[in-house]
Amino acid sequence: MTQKELPKAYDFHGTEERIYQWWDSQGYFQPTNDPNKPDFDPTKKPFVIAIPPPNVTGGLHLGHAMFVSIEDLMIRYHRMKGEPTLWIPGSDHAGIATQLQVEKALAQEGKTREDIGREAFIERTWSWKKKYGGMIQQQIRRLGASCDWTRERFTLDDGLSRAVREAFVTLYEKGLIYRGPRLVNWSPNLRTAVSDLEVEHSQEPGTLYYFKYPLADNPEEFLPVATTRPETILGDTAVAVHPDDPRYKKYVGRKALVPMLDREIPIIADEYVDREFGTGALKITPAHDPNDYDIAQRHNLDIINILNKDVTINENGGPYQGLDREECRKRLWADMKARGMVIKEEPYTLNVPRSQRGGEIIEPMISEQWFVKIDSIAKKAIDAVRDGDIRIVPDHFTKVYFNWMENIQDWCISRQLWWGHRIPVWYCDDCKGMTVQREDPAQCQHCGSTHIHQDDDVLDTWFSSGLWPFSTLGWPDETPDLKYFYPTSVLETGYDILFFWVARMIMDGLEFTDEAPFHTVYLHGLIRDEHGQKMSKTKGNVIDPLVVMDKLGTDALRFTLLVGSAPGNDMNLSEKKVEANRNFANKIWNAGRFVINAIANAPEKPEREPVWTPADEWLHARMREVVRNVNRLFESYQFGEAGRQIYDFFWSEFADWYIEIAKMQLRESGDRAFYTAWTLVRVLDKCLRMLSPFTPYVTEELWGHLKQAAQAKSELLCPDDPWAEALMIAQWPESKPEEGWEKEAVEKFANATMEHSRAFRTLKTELNIPANQAASGSIIATHEMLPVLEAQKDLIAYSSALKELEILTAVPDAEVYKQFHSSSIAATGSMIYLHTQEAVVDDKLREKLERELSEANSQIQRLENLLASDFANKAPAKVVENERTKLETYRQTAEKLKKQLK
RNA sequence: GGGCGGUUAGCUCAGCUGGUUAGAGCGUUGCGUUGACAUCGCAAAGGUCGUAGGUUCGAGUCCUAUACCGCCCA
């Protein structure tokens with residue numbers, strides 16, 4: 001393809017898929033140093049990320065787009081730095097979510113999972129997985145993800161299932177897993193226990209019910225008690241009061257009668273009771289309230305469960321058996337009212353536990369579950385972060401992590417589901433013993449009986465996710481991958497799963513491999529709509545990344561997500577923002593077209609050594625500075641800021657200034673044209689390399705054309721780091737130390753060409769002279785600025801579209817110059833004049849100059865005060881010198897203005 | 001109740017270890033299209049950086065208090 005054929009606008013539709021497939025087919029996504037291959041070099045340090053496995057049957061949303069963008073950015077950056085890089089993709093079986101989807105499909109046939117049985121159900125779920133499971137992986141590819149797809153993993157694969165079993169049995173053997181009846185969070189809809197983390201608490205209006213708790217030995221006497229959940233009265237096993245409460249002291253030790261059931265229960269004293277709350281007397285329902293459960297443990301109280309698994313009342317509810325919990329509450333309360341046991345009801349704000357998934361009210365309930373004893377494991381995980389083996393970015397999440405880890409509770413890992421890793425425990429029907437094994441047993445470990453059956457429950461999905469960084473690499477086997485790629489490098493994910501997932505990986509990693517599974521945790525924020533609202537289907541403010549990519553391109557979406565966010569901070573996204581970055585992609589494209597065209601028209605080689613223009617020097621110096629900044633920012637995980645620096649440099653400096661000036665320099669032909677083209681190629685090449693991890697498609701496509709055009713022209717147009725097969729595997733620009741000439745080159749160009757051209761342009765605009773209409777102008781400069789301005793005279797004239805430009809240090813003819821429109825440049829002490837035809841001293845001009853003078857005067861005043869203060873003694877000499885120069889410049893500006901206004 | 005963030009231009013947000021005229025995108029206003037780009041260019045308007053103290057020669061940046069908003073944990 002020649003440059004003539006490059007379309008005027010970047011066509012991402014025709015580019016993205018083709019480029020992705022090419023990368024993939026070239027094997028660029030696979031690590032360059034593979035421990036399974038003969039030329040493997042174990043001394044090279046790899047960079048490894050394990051993907052946060054998305055739900056296998058889910059569809060892509062912005063959260064995925066976010067983590068893919070950030071991780072791909074890191075992976076591409078390290079790959080370009082020449083490190084062997086591995087990004088392991090995969091997905092999660094998502095027990096509850098997936099099971100629900102299959103159950104929903106079954107329901108449409110009028111069936112339940114029980115109808116078809118466990119085996120058939122699981123089979124069905126697998127075929128569901130096969131059908132929909134690939135979807136999200138395809139969508140992740142669209143985002144440009146450079147994962148090694150040959151190493152893709154799924155939590156229910158054989159290998160990973162083995163890892164889960166190994167983990168469970170190991171913990172069991174260490175005595176860190178136990179089973180028992182405990183109070184758990186019961187999800188009535190899902191009919192399973194869920195972990196503390198899967199419960200959200202919401203403030204909701206409710207009622208506080210006051211009633212009489214009659215004394216057993218004297219039914220005329222009663223204790224007033226308040227509750228928010230009257231139906232739990234049926235499960236009360238005590239009434240508690242504060243030991244120091246004078247109102248109730250006399251009741252302690254006596255018995256009360258459970259309303260309607262007339263069951264005798266003790267009245268106890270416990271300091272947990274809040275005397276201020278309600279009546280100061282607390283009913284205790286250990287089977288259905290976590291605090292009551294704790295009290296029951298202390299006082300050895302009975303624990304009476306009153307609920308069935310479908311949260312209807314069970315046989316312990318006496319006459320209320322079979323009623324739903326809501327219905328029971330109404331009936332029981334009505335019955336108590338009829339008996340005169342009710343005192344009052346008052347409105348009260350409840351703290352309602354709701355399922356994170358379905359939103360239904362979670363019922364605390366006693367049931368037989370499996371738990372991981374977490375204390376000792378958590379301690380190691382705390383130490384790892386405290387000792388710096390693991391660093392959390394941004395830093396403030398370290399505190400959040402400690403806070404949670406230090407108050408962690410044992411983890412309920414069993415789920416009453418069918419889709420997942422079945423608990424590897426077998427019960428003997430004969431001796432009742434338990435067999436816990438890595439391999440499915442044929443007989444009881446204890447009595448040898450063959451009458452054994454496996455535990456019905458499966459493990460929490462997070463149990464397998466916690467093993468992810470090493471299970472994906474082959475653990476428990478000592479595979480070459482595990483040996484080389486583990487521990488991984490960075491774990492990147494949203495802060496919302498810091499506890500769910502990150503903390504568990506850290507605990508598991510330390511427990512099973514004796515190593516921190518990664519050295520850095522990078523947490524990104526949540527994506528909200530443009531006004532900071534959470535996106536939700538009901539609000540209708542959901543942005544679908546697939547739609548955005550269709551409309552504006554993948555690069556635009558990626559760049560927006562990457563540059564619009566700081567680590568750990570939520571980000572507000574709107575299509576407008578993506579649009580702005582689509583424009584950026586187009587800007588890159590068109591700058592590229594210009595450069596390619598410039599190459600074509602440039603000579604093949606120069607006649608002599610280069611003579612750089614001030615613009616060339618400025619651009620090279622700025623480029624070097626940007627490379628240093630970007631490298632520094634990448635190293636400190638400030639990717640957004642890095643992207644912004646490249647964006648600004650590319651658009652506001654390279655495109656707006658240098659390319660414009662290059663047009664003039666190219667027209668000079670000869671060596672000037674050659675070295676200008678050479679500069680254009682080198683700078684564009686560096687920018688494309690640094691942008692590649694942000695916007696991989698447009699940069700790859702353009703770089704291909706650039707390389708081709710440059711190579712076709714001359715070997716001499718080769719950039720610093722040589723051309724590579726593809727941009728995505730080209731060498732990353734490394735920082736080079738600052739050299740003496742750079743600062744001066746930047747300052748000179750900014751002060752001369754940029755400042756003066758801008759001033760002329762503004763003046764033209766004010767005078768309604770079309771920007772491209774040539775006029776003549778003068779600069780009255782300070783003596784210091786004169787040589788600099790002289791050197792850039794042509795550049796200034798060109799950039800200001802001036803037909804003629806004179807540079808002087810004093811006005812040659814005051815009377816004439818007073819007639820010209822003028823303006824001062826405070827930063828350089830210059831005065832500029834436009835030699836307009838209609839010489840007018842209108843009030844507006846005077847006013848303007850007076851305004852400039854008063855501004856200059858106030859600055860002079862400010863600086864004089866500043867320099868007369870302690871500042872001059874205490875501030876570093878450099879800073880003081882800077883201010884002195886500034887003052888001098890303002891003085892010169894003021895002088896010139898005064899003369900002009902005389 | 002404990003903890004963590006945020007508060008900067010009309011909107012959405014940057015602003016690293018404090019350095020002295022606070023930036024961007026979008027929006028608004030004016031001008032502009034025969035060659036990189038109207039998915040654009042040139043220019044303009046717009047902010048006492050939530051409030052009150054403090055440290056410092058110097059504070060958007062550090063400290064203390066406080067208000068409001070949000071989140072996490074209990």
A.B. asks: Crowded around A:Gln533 CD? As in, over 12 foreign heavy atoms under 6.0 Å?
C.D. replies: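 Atom CD in A:Gln533 is packed in, count exceeds 12.
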A.B. asks: Does a side-chain N-to-carboxylate-O contact under 4.0 Å join A:Glu271 and A:Arg298?
C.D. replies: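 Here A:Glu271 does not pair with A:Arg298 in a salt bridge, since their nearest N and O are not under 4.0 Å apart.
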A.B. asks: Under 4.0 angstrom, heavy atoms only, what part of the nucleic acid is A:Ala872 near: base, sugar-phosphate, or nothing?
C.D. replies: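 Nothing: the residue A:Ala872, judged by heavy atoms under 4.0 Å, touches no strand.
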A.B. asks: To the nearest angstrom, how far is A:Leu867 atom CG from B:rU20 atom P?
C.D. replies: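 After rounding, the reported distance stands at 13 Å.
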A.B. asks: Would you classify A:Asn569 as touching base, sugar-phosphate or nothing, given that sugar-phosphate means primed atoms plus P, OP1 and OP2, and contacts are heavy atoms under 4.0 Å?
C.D. replies: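 Sugar-phosphate: the residue A:Asn569, judged by heavy atoms under 4.0 Å, touches backbone atoms but no base.
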A.B. asks: Nearest to the side chain of A:His396 - B:rG25, B:rU39, B:rC4?
C.D. replies: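 Of the options given, the side chain of A:His396 lies nearest B:rC4.
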A.B. asks: Can you identify which nucleotide, out of B:rG19, B:rG70, B:rG25, has its nearest atom closest to the A:Arg528 side chain?
C.D. replies: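 Given the options B:rG19, B:rG70, B:rG25, the side chain of A:Arg528 is closest to B:rG70.
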A.B. asks: Between A:Arg622 and A:Glu625 (salt bridge meaning N to carboxylate O under 4.0 Å), is one present in this structure?
C.D. replies: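 A salt bridge is present here (some side-chain N lies under 4.0 Å from a carboxylate O).
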A.B. asks: Which part of the nucleic acid, if any, lies within reach of A:Asn590 when heavy atoms closer than 4.0 Å are counted: base, sugar-phosphate only, or nothing?
C.D. replies: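 Counting heavy atoms under 4.0 Å across all strands, the contact made by A:Asn590 includes a base.
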A.B. asks: Can you find a side-chain donor-acceptor pair between A:Glu852 and A:Ser824 that sits under 3.5 Å?
C.D. replies: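 Yes, a side-chain donor-acceptor pair sits under 3.5 Å.
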A.B. asks: Taking only N and O in the side chain of A:Trp651, is any of them less than 4.0 Å away from OP1 or OP2 of B:rG41?
C.D. replies: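 For A:Trp651, the contact criterion (side-chain N or O under 4.0 Å from OP1 or OP2 of B:rG41) is met.
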A.B. asks: With a 4.0 Å cut-off, would you call A:Glu660 and A:Lys663 a salt bridge?
C.D. replies: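 A:Lys663 and A:Glu660: salt-bridged.
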A.B. asks: Rounding to a whole Å, what distance do you find between A:Phe584:CZ and B:rA36:C1'?
C.D. replies: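 Rounded to whole Å, this separation is 15 Å.
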A.B. asks: For the side chain of A:Ile659, starting at C-beta, report the closest nucleotide among B:rU20, B:rA43, B:rA36.
C.D. replies: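 Given the options B:rU20, B:rA43, B:rA36, the side chain of A:Ile659 is closest to B:rA36.
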A.B. asks: Any strand is fair game: report the nucleotide pairing with B:rC42 by Watson-Crick or G-U wobble, both distances under 3.5 Å, or none.
C.D. replies: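 Partner of B:rC42: B:rG30.
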A.B. asks: Closer than 4.0 Å, any side-chain N/O of A:Lys576 to the OP1 or OP2 of B:rC26?
C.D. replies: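 Looking at the OP1 and OP2 atoms of B:rC26, neither is under 4.0 Å from any side-chain N or O of A:Lys576.
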A.B. asks: Any strand counts, and the cut-off is 3.5 Å on both contacts for Watson-Crick or G-U wobble. Which nucleotide pairs with B:rU55?
C.D. replies: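 Partner of B:rU55: none found under 3.5 Å.
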A.B. asks: For B:rU61, which nucleotide in any strand shown is its Watson-Crick or wobble partner with both distances under 3.5 Å?
C.D. replies: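 Result: none.
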A.B. asks: Heavy atoms under 4.0 Å, any strand shown: does A:Asn581 hit a base, just sugar-phosphate, or nothing?
C.D. replies: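 Nothing, no nucleic acid heavy atom in range.
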A.B. asks: Kindly point out which of B:rA44, B:rG41, B:rC16 is positioned nearest to the side chain of A:Thr762?
C.D. replies: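 Shortest atom-to-atom distance from the side chain points to B:rA44.
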A.B. asks: Counting side-chain heavy atoms from C-beta on, which of B:rC72, B:rA43, B:rC37 comes nearest to A:Asn586?
C.D. replies: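 When the side chain of A:Asn586 is considered, B:rC37 is the closest of B:rC72, B:rA43, B:rC37.
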A.B. asks: For the base of B:rC37, is there a side-chain donor-acceptor partner from A:Arg593 under 3.5 Å away?
C.D. replies: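 Answer no: no donor N or O sits under 3.5 Å from an acceptor.
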A.B. asks: Please work out if A:Glu660 contacts a base, only the sugar-phosphate, or nothing of the nucleic acid, heavy-atom cut-off 4.0 Å.
C.D. replies: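 Answer is base: heavy atoms of A:Glu660 come under 4.0 Å of a base.
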A.B. asks: Tell me which nucleotide, if any, is Watson-Crick or G-U wobble paired with B:rG5 when both distances must be under 3.5 Å.
C.D. replies: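 B:rG5 is paired, partner B:rC69.
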A.B. asks: Report which part of the nucleic acid A:Ala591 touches: base, sugar-phosphate, or nothing (heavy-atom distance under 4.0 Å, all strands).
C.D. replies: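 Since a base atom lies under 4.0 Å of A:Ala591, the category is base.
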A.B. asks: Identify which nucleotide among B:rU20, B:rA43, B:rG25 has an atom closest to any side-chain atom of A:Glu883, counting heavy atoms from C-beta outward.
C.D. replies: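 Nucleotide nearest to A:Glu883's side chain: B:rU20.
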A.B. asks: Where the side chain of A:Phe499 is defined as all heavy atoms beyond and including C-beta, which of B:rC72, B:rA36, B:rG41 is the nearest nucleotide?
C.D. replies: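 Looking only at side-chain atoms, A:Phe499 lies closest to B:rC72.
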A.B. asks: Can you check whether A:Lys399 has a side-chain N or O nearer than 4.0 Å to OP1 or OP2 of B:rC4?
C.D. replies: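 Checking B:rC4 against A:Lys399, a side-chain N or O does come within under 4.0 Å of OP1 or OP2.
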A.B. asks: Compare every heavy atom of A:Ser757 with every heavy atom of A:Ser799, then report the nearest pair and how far apart it is.
C.D. replies: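 Taking A:Ser799 first and A:Ser757 second, the nearest heavy atoms are CB-OG, 3.2 Å.
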A.B. asks: Which part of the nucleic acid, if any, lies within reach of A:Phe397 when heavy atoms closer than 4.0 Å are counted: base, sugar-phosphate only, or nothing?
C.D. replies: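 Counting heavy atoms under 4.0 Å across all strands, no contact is made by A:Phe397.
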A.B. asks: Contact class for A:Arg758 vs. all strands (heavy atom < 4.0 Å): base, sugar-phosphate, or nothing?
C.D. replies: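 The residue A:Arg758 makes sugar-phosphate contact but no base contact.
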A.B. asks: Measuring centre to centre across the rings, with the benzene-like ring taken for any Trp, is A:Phe584 within less than 6.0 Å of A:Phe694?
C.D. replies: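 No, ring centres 6.0 Å or more apart.
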A.B. asks: Between the base of B:rC37 and the side chain of A:Lys8, is one N or O donor paired with an acceptor at under 3.5 angstrom?
C.D. replies: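 Under the 3.5 Å cut-off, the side chain and the base do not form any donor-acceptor pair.
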A.B. asks: Between B:rA24 and B:rG46, how far apart are the P atoms? Round to whole Å, please.
C.D. replies: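 Between the two P atoms, the distance is 14 Å.
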A.B. asks: Choosing from B:rG19, B:rU39, B:rG41, which nucleotide comes nearest the side chain of A:Ala9?
C.D. replies: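 Closest nucleotide to the A:Ala9 side chain: B:rU39.
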A.B. asks: With heavy atoms under 4.0 Å as the rule, sort A:Arg582 into base, sugar-phosphate or nothing.
C.D. replies: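 It contacts base atoms.
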A.B. asks: Between atom CD in A:Glu579 and atom C1' in B:rC26, what is the gap in whole Å?
C.D. replies: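 These atoms are roughly 10 Å apart.
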A.B. asks: Provide the distance between the two C1' atoms, one in B:rU8 and one in B:rU12, to the nearest whole Å.
C.D. replies: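 Straight-line distance between the two C1' atoms is 12 Å.
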A.B. asks: Contact class for A:Glu641 (heavy atom, under 4.0 Å): base, sugar-phosphate, or nothing?
C.D. replies: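 Touches sugar-phosphate only.
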A.B. asks: Report the nucleotide, chosen from B:rG5, B:rA36, B:rC73, that has the shortest atom-to-atom distance to any side-chain atom of A:Lys663.
C.D. replies: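 Closest nucleotide to the A:Lys663 side chain: B:rA36.
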A.B. asks: Rounding to the closest angstrom, what is the interatomic distance between B:rG19 and B:rG25 at atom P?
C.D. replies: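 The same atom, P, in both gives a distance of 23 Å.
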A.B. asks: Taking CD from A:Glu198 and C1' from B:rC73, how many angstroms apart are they, rounded to a whole number?
C.D. replies: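 Computing the A:Glu198:CD to B:rC73:C1' distance gives 16 Å.
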A.B. asks: Taking the same atom, P, in B:rC69 and in B:rG30, what whole-Å distance lies between them?
C.D. replies: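 Roughly 39 Å separates the two P atoms.
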A.B. asks: RNA chain B: A:Val199 or A:Leu633, which has the more 5' nearest nucleotide?
C.D. replies: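 Its nucleotide being nearer the 5' end, the pick is A:Leu633.
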A.B. asks: Could you tell me the separation between the CG atom of A:Leu666 and the C1' atom of B:rA36, rounded to a whole number of Å?
C.D. replies: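 Value for this atom pair: 12 Å.
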A.B. asks: I'd like to know whether A:Phe397 forms a ring-ring contact (aromatic ring centres under 6.0 Å, His included) with A:Tyr401, so could you lay out the CA-CA distance, the side-chain angles of the two residues, the decisive distance to 0.1 Å, and finally the verdict.
C.D. replies: CA-CA 6 Å; A:Phe397 278 105; A:Tyr401 172 83; over 10 Å; no
A.B. asks: Could you give the NZ-to-C1' distance, from A:Lys848 to B:rA45, as a whole number of Å?
C.D. replies: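 Interatomic distance, NZ of A:Lys848 to C1' of B:rA45: 16 Å.
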A.B. asks: Counting any heavy atom closer than 4.0 Å, what does A:Glu766 reach on the DNA or RNA strands: base, sugar-phosphate only, or nothing?
C.D. replies: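 Here A:Glu766 touches no strand at all.
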A.B. asks: Kindly say if A:Lys587 contacts the phosphate of B:rG41, meaning a side-chain N or O under 4.0 Å from OP1 or OP2.
C.D. replies: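 Answer yes for this pair, as a side-chain N or O of A:Lys587 is under 4.0 Å from OP1 or OP2.
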A.B. asks: Separation of A:Glu200 atom CD from B:rC73 atom P, in whole Å?
C.D. replies: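 Atom CD in A:Glu200 sits about 8 Å away from atom P in B:rC73.
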A.B. asks: With a 4.0 Å limit, can you tell me whether A:Asn768 has a side-chain N or O closer than that to the phosphate oxygens OP1/OP2 of B:rG30?
C.D. replies: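 Checking B:rG30 against A:Asn768, no side-chain N or O comes under 4.0 Å of OP1 or OP2.
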A.B. asks: Given that A:Val563 and A:Asn583 both sit by RNA chain B, which one's nearest nucleotide is further toward the 5' end?
C.D. replies: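 Residue closer to the 5' terminus by nearest nucleotide: A:Val563.
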A.B. asks: Return the value, rounded to whole Å, for the distance between atom CG of A:Asp274 and atom C1' of B:rA74.
C.D. replies: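 The answer, rounded to whole Å, is 15 Å.
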A.B. asks: Output the distance between atom OG1 (A:Thr228) and atom CG (A:Asn351), rounded to the nearest 0.5 Å.
C.D. replies: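 One gets 10.0 Å once the value is rounded to the nearest 0.5 Å.
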